[in-house]
Amino acid sequence: MTEEMLSKTYDFHSVEQRLYQMWEEKGYFKPSNDPSAPDFDPTKKPFVISIPPPNVTGELHLGHAMFVSMEDLMIRYNRMKGVPTLWVPGTDHAGIATQMLVEKELAKQGLKRDELGREEFLRRTWEWKEKYGGRITHQIRRLGASCDWTRERFTFDEGLSHAVREAFVTLFEKGLIYRGPRMVNWSPALRTAVSDLEVEYSEEPGFLYYFKYMLADGSGEYIPVATTRPETILGDTAVAIHPEDERYQKFLGKELIVPILGRRIPVIADEYVDREFGTGAVKITPAHDPNDYAIGQNHKLEFINILNKDASINEAGGPYAGLDRFECRKKLWEDMRAQGLVIKEQPYTLNVPRSQRGGEIVEPMISTQWFVKIQPLADEALAAVKNGETRIVPERFTKVYYNWLENIRDWCISRQLWWGHRIPVWYCDDCGEMTVSRTDPTECGHCHSRKIHQDEDVLDTWFSSGLWPFSTLGWPEKTRDLEYFYPTSVLETGADILFFWVARMMMFGIEFTGKPPFHTIYLHGLILDEKGQKMSKTKGNVIDPLIVMEDLGTDALRFTLLVGSTPGKDSNLSLKKVEGNRNFANKIWNAGRFVIGALGQIPAQPTGKPDWTLADSWIWARLNALMRETERLFDTYQFGEAGRQIYEFFWGEFADWYLEIAKTQLAEGGDRAYTTAATLVRVLDACLRLLHPFTPFVTEELWQALKKASLAAGLTPFDAHIDWEEALIIAHWPTAHEAEGWEEQTVQDFGLVQEVVRAIRNLRSEKGVQPAKKIGALIAAADKAALLEAQRSTLCSLANLEPTNLKIVAHPEQKPENAISLVVSGLEVFLPLADLADPEQEQARLAKELAEATGQIERIEKLLASDFGSKAPAQVVEKERQRLAQFKETAEKLQQQLTAMKK
Ligand SMILES: [Zn+2]
């Protein structure tokens, strides 16, 4: 095997699909210790992640790419450590999102769901799911996700529906689920209650409407009141004032007349009223405002619902019945103006609740819904984090978690949709009682009447995803999978869904299994664009991960996401960064080709014991330090930092320094070439193992080639035996050798060589010395003379020194004249001036650069004088002007240097 057998550049297109298929076919994604296998060992502790199930309607976005990369990294790392790993994949049926999508498809055919009926609509939605539901999981595969696809789940499949039924009935039996009228967020377009999560608030201009609430006693006196939603006047059942507000004391206990409708309502006192806001008197609409709702309950006020399900006005609105809510607002206000009740309208910024899905304004409305009594569940979920059973990374989110659970309200779990788990409650038409059942009943559980009908509503999607970590393993059945793989290990997800999803899994997990569902919650931040802005379609700054993978490779995308991440913190992503990491993948590839090439040039066997050079020992010491550091960082969830350090080592030390030195050492042939190749192989092998969880494809492909080449060359890397496992994905994680005591000195010694080389290189480049030109040097090395003398060939090759003209002495008898002196870590390096500048060559170089600059100046001046100067965007023109100024400055400097030389 030679490097010719590996393509010159890394062709990720041909590699990625082939390797993924190989991994999956060989069964590497399955747990190495499987409870249903005959050799199962229940004492081995597994590492388990349940994937955050993406919506079945989803299209891959960077959020998915982030969590898939991060979870795959954890899974691959643990798999390589020999831990039985399981990553359970699956999708969420996503009630509202899916139903809206299918409704949209139907609309294209001129159909409405009501016309189809529930059964037919569900049949068509399943049809859609079968056809397109696999799209998102295929996209997740492209990221290299090593999930066990044989255990894939869907929140609406049979097993999970069974789990949902069990959970609902259990909670109901414990008295933790109840039905009743409560205030909910109502989406008029979807005609369903929506969760707080599905409501987005936006600041929008509006008005504060001031009007007169006339006293019922005919005195002509009134209380001024302000509102942002005049139509709700129709549902007013009181006006409240602060008990200590002197302005309105005299009105307490009196009655007011509701405009237009003529109903009588009381004036009440409540400390909740803010005397400074508006007029200091507040109209109370208990059925259409969450705060008024509470006041209405305390004062036992009447609750008048004025809206139909589509947010048109109902019969309670009297003459306005049937009008749309916003039309009603206009009409009512005009009528009030005509009656002299309007005081003024004042511009006012509103915080408008809008539906995340449909965009329409959501109405607070009282409706009869199902609720989970959440406090007892929340208390347990709080305790699990407080007592350390579950830990949140980063820790600062712990406070947010506490705060949310301590202030949690009962959870509205019913949705007026069709696509979802239907509520397992049947109502009796004869006796009116409810039957709640694990299996579909045929008769009323109370009077045995057969005239029963099921609740029309379905459950909130988060109800089923709250069961995800254990329902996917077979709960409520006591399966082997559940027994062995539950509780899972780490729950990894975006910090933005800590409450909605993670807290619910915690509550349900403890409630139904008695154990928190995971020991660690790891949260990653949002991915922003390169300027730190949120990505959005309207801004046009969205990066599509599928296009990036197609153009730059999956490894490049994964490495960029992983290395850019710090737990809980948002990170910026730019294509430039991904390009940089595409270059890194190529760098790994090229280093691999070099090492494999080296294996073709070594003797079959070494003749003696290994005689390691300083460079061999240095890279080995540095590699072991890196392995120790990586281990520490992985243990503390600092994966991004680990990736950065491996990158720095690979590029900055192994490729830039050791590979260069290896060329010289290989050229010596014999045992020296053999030990060099052995070092190259063992360092590269360890690096590929360390990098595998970050960049699985390029590392597997290269490692397979390295394995073949090493075995073909019969290479025995001395004391560092390498296990050539079947594949890198299941190869063992590299562990550092224990330090033997010599490492620190070696790293320090080699550091000195590096400093000398860097200093000479810098000066050469400053003076414009041709790269190929060899120069002389005198090094006054004091007590380091012997060390540097031993590194003579390294110094010569890396700093391009003339071997016959390199002198290394402790102290020179006299300092050379006509030399530039460099001070490096207490040593002095003298470089002869004559070597640094070849006047003729230097003059030619300057002249060439001047010609180039002049050419550019002419080109840009021409461009600016053309149509471009007047028609191109100002920014683009300005950029060209700046470039022109730079070239002019460069040209001037070059001219000065040339003139100085000619003197
Ligand atoms: Zn009955």
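For reference, positions follow the sequence shown, starting with 1. Computation of the quantities below employed the complete heavy-atom set of this structure, encompassing side-chain atoms and omitting hydrogens, waters and symmetry-equivalent molecules. For ligands, and for the atoms within them, numbers begin at 1 and follow the listed sequence. All figures in this text were calculated on a predicted structure; none of them were measured in a lab.
- The SG atom of C444 and the SG atom of C431 meet at the Zn ion (ligand 1) at an angle of about 110°, given to 10°.
- Within the 2.8 Å limit, C447 places at least one N, O or S atom next to the Zn ion (ligand 1).
- Within the coordination shell of the Zn ion (ligand 1), defined by N, O or S atoms under 2.8 Å, H446 is absent.
- The pair R123-E119 does not count as a salt bridge, with every side-chain nitrogen at least 4.0 angstrom from each carboxylate oxygen.
- A heavy-atom distance below 4.5 Å is not found between the side chains of R438 and F168.
- Between the side chains of T479 and D481, no donor N or O sits under 3.5 Å from an acceptor N or O.
- For an aromatic pair to be called close, the ring centres must be under 6.0 Å apart, and W411 with F508 satisfies this.
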